[in-house]
Amino acid sequence: MANYLNFDVYDLELTELRSNSDLRTLLVATANRSILVVEDIDCTIDLQDRLPADIAGEGEGPIQQNKVTLSGFLNFIDGLWSSCGDERIIVFTTNHKEKLDPALLRPGRMDVHVHMSYCTPSGFKLLAANYLGIKEHILFEEIEELISTTQVTPAEVAEQLMRNDDPELVLNGLIEFLKVKRKEDEDAKPRKIHEESTESQ
């Protein structure tokens with residue numbers, strides 16, 4: 001995204017922030033035409049505004065001041081603070097969308113929701129074109145079949161494609177990797193079923 005738009009990228013580490021003021025200062029310091037990335041938003045900061053007062057510590061001045069609040073974070077995204085610059089894109093990542101407050105997820109704050117699934121055959125072709133500069137190869141059919149039946153992430157596939165500049169060597173290595181990965185998945189299924197049945201008893 002940054003390369004395509006020619007935007008700067010900021011990796012925002014919210015765990016280092018101690019107050020809403022710190023968050024506002026951080027936003028003002030970022031340049032226009034930039035992408036702000038907040039990774040693992042569900043566990044980066046503890047947005048406690050909606051918890052009961054006895055749990056969240058509401059009403060206790062020093063405690064409330066020494067944390068980033070939900071209302072402060074919402075202002076960071078689309079409130080008055082967010083109008084301090086032009087052409088900014090904020091990207092959030094999470095493994096647990098269900099843990100996020102509905103106020104964060106509504107249109108106008110998070111406009112586009114992209115599910116990053118396991119790698120697909122079409123995803124593999126795009127990675128092969130980007131990393132190896134090829135759009136077709138005799139080994140593609142076998143790789144696509146393996147990817148269709150194996151839970152492997154695009155990052156894992158990309159890691160294999162970067163191991164060598166020789167497409168033939170890399171693709172054969174990817175095939176072996178996918179075979180090992182599929183066997184691991186198959187071996188793990190009985191254990192998972194056993195664990196689930198043990199927990200239900």
Side-chain angles (χ1 to χ4, degrees), residues 1-127 129-131 147 151-159:
M1 286 170 57
N3 288 336
Y4 181 78
L5 296 171
N6 197 26
F7 276 25
D8 293 326
V9 179
Y10 293 88
D11 182 11
L12 306 187
E13 184 54 71
L14 299 184
T15 54
E16 298 298 321
L17 303 179
R18 294 291 176 262
S19 67
N20 289 335
S21 296
D22 289 348
L23 186 60
R24 182 170 59 248
T25 301
L26 183 149
L27 178 62
V28 172
T30 59
N32 295 334
R33 295 181 57 81
S34 60
I35 298 175
L36 315 182
V37 181
V38 182
E39 296 188 276
D40 297 319
I41 183 61
D42 56 286
C43 55
T44 297
I45 54 177
D46 189 10
L47 301 175
Q48 298 178 324
D49 291 35
R50 295 173 185 260
L51 296 181
D54 58 336
I55 298 177
E58 291 179 6
E60 301 179 19
I63 295 178
Q64 186 71 8
Q65 292 173 5
N66 291 331
K67 66 183 182 69
V68 175
T69 65
L70 177 61
S71 60
F73 195 68
L74 296 180
N75 273 322
F76 170 80
I77 298 171
D78 72 344
L80 182 61
W81 301 355
S82 66
S83 63
C84 297
D86 295 319
E87 297 185 281
R88 286 199 184 101
I89 298 173
I90 303 178
V91 177
F92 302 100
T93 69
T94 179
N95 289 322
H96 302 283
K97 181 180 174 182
E98 70 282 356
K99 292 183 179 181
L100 300 183
D101 193 288
L104 281 171
L105 296 172
R106 75 162 177 79
R109 291 190 175 124
M110 294 188 183
D111 296 304
V112 180
H113 298 235
V114 180
H115 176 62
M116 306 297 287
S117 64
Y118 290 109
C119 193
T120 61
S122 60
F124 157 70
K125 283 189 172 182
L126 181 60
L127 290 170
N130 289 339
Y131 287 98
I147 284 180
Q151 291 186 340
V152 59
T153 67
E156 290 175 312
V157 174
E159 182 181 357

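Every heavy atom of this structure was used, including side-chain atoms; hydrogens, water molecules and symmetry mates were not. Just so you know, these numbers come straight off a predicted model, no measurement behind them.
Residues Ser122 and Lys125 form no side-chain contact, since every pair of their non-hydrogen atoms from C-beta on lies 4.5 Å or further apart. The closest side-chain heavy-atom distance from His113 to Leu105 is below 4.5 Å. Ile35 is not listed as a side-chain neighbour of Tyr10, based on a closest heavy-atom distance of 4.5 Å or more. Ile89 is listed as a side-chain neighbour of Leu5, based on a closest heavy-atom distance under 4.5 Å.
Asn75 CG to Leu70 CG: the interatomic distance, rounded to the nearest 0.5 Å, is 10.0 Å. The distance from atom CG of Asp42 to atom NZ of Lys97, rounded to the nearest 0.5 Å, is 12.5 Å. Taking OG1 of Thr94 as the reference point, atom NZ of Lys99 lies at 8.0 Å (rounded to 0.5 Å). Atom CG in Leu26 sits 12.5 Å away from atom OG in Ser21 (nearest 0.5 Å). Atom CD1 of Ile41 and atom CG of Leu104 lie 6.5 Å apart (nearest 0.5 Å).
Atom CG of Asn130 is surrounded by more than 12 heavy atoms from other residues, nucleotides or ligands within 6.0 Å. For Asn3, the CG atom is loosely surrounded, since the number of other residues' heavy atoms within 6.0 Å does not exceed 12. Taking a 6.0 Å sphere around CZ of Phe7, one finds it holds more than 12 heavy atoms contributed by other residues, nucleotides or ligands.
Checked options Leu12, Ile77, Val37; the residue passing with Phe92 is Ile77 (criterion: side chain to side chain contact (heavy atoms under 4.5 Å, CB included)).
The shortest heavy-atom contact between Cys119 and Ile147 is O-CG2, 3.2 Å. Nearest heavy-atom pair across Glu156 and Val152 is OE1-CG2, 3.3 Å. When all heavy atoms of Asp8 and Ala31 are compared, the pair lying nearest together is OD2-CB, 4.2 Å. The two atoms that bring Asn20 and Gly72 nearest to each other are OD1-CA, 3.7 Å, heavy atoms only.
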Query - side chain to side chain contact (heavy atoms under 4.5 Å, CB included) between Asp40 and Thr93, intermediate numbers included - result: CA-CA 5 Å; Asp40 297 319; Thr93 69; 4.3 Å; yes
Requested in this report: Given side chain to side chain contact (heavy atoms under 4.5 Å, CB included), test Leu27 with Arg88 step by step and report yes or no.
Outcome: CA-CA 10 Å; Leu27 178 62; Arg88 286 199 184 101; 4.0 Å; yes
Requested in this report: Assess whether side chain to side chain contact (heavy atoms under 4.5 Å, CB included) is satisfied between Phe73 and Leu14, documenting all intermediate values.
Outcome: CA-CA 10 Å; Phe73 195 68; Leu14 299 184; 3.4 Å; yes
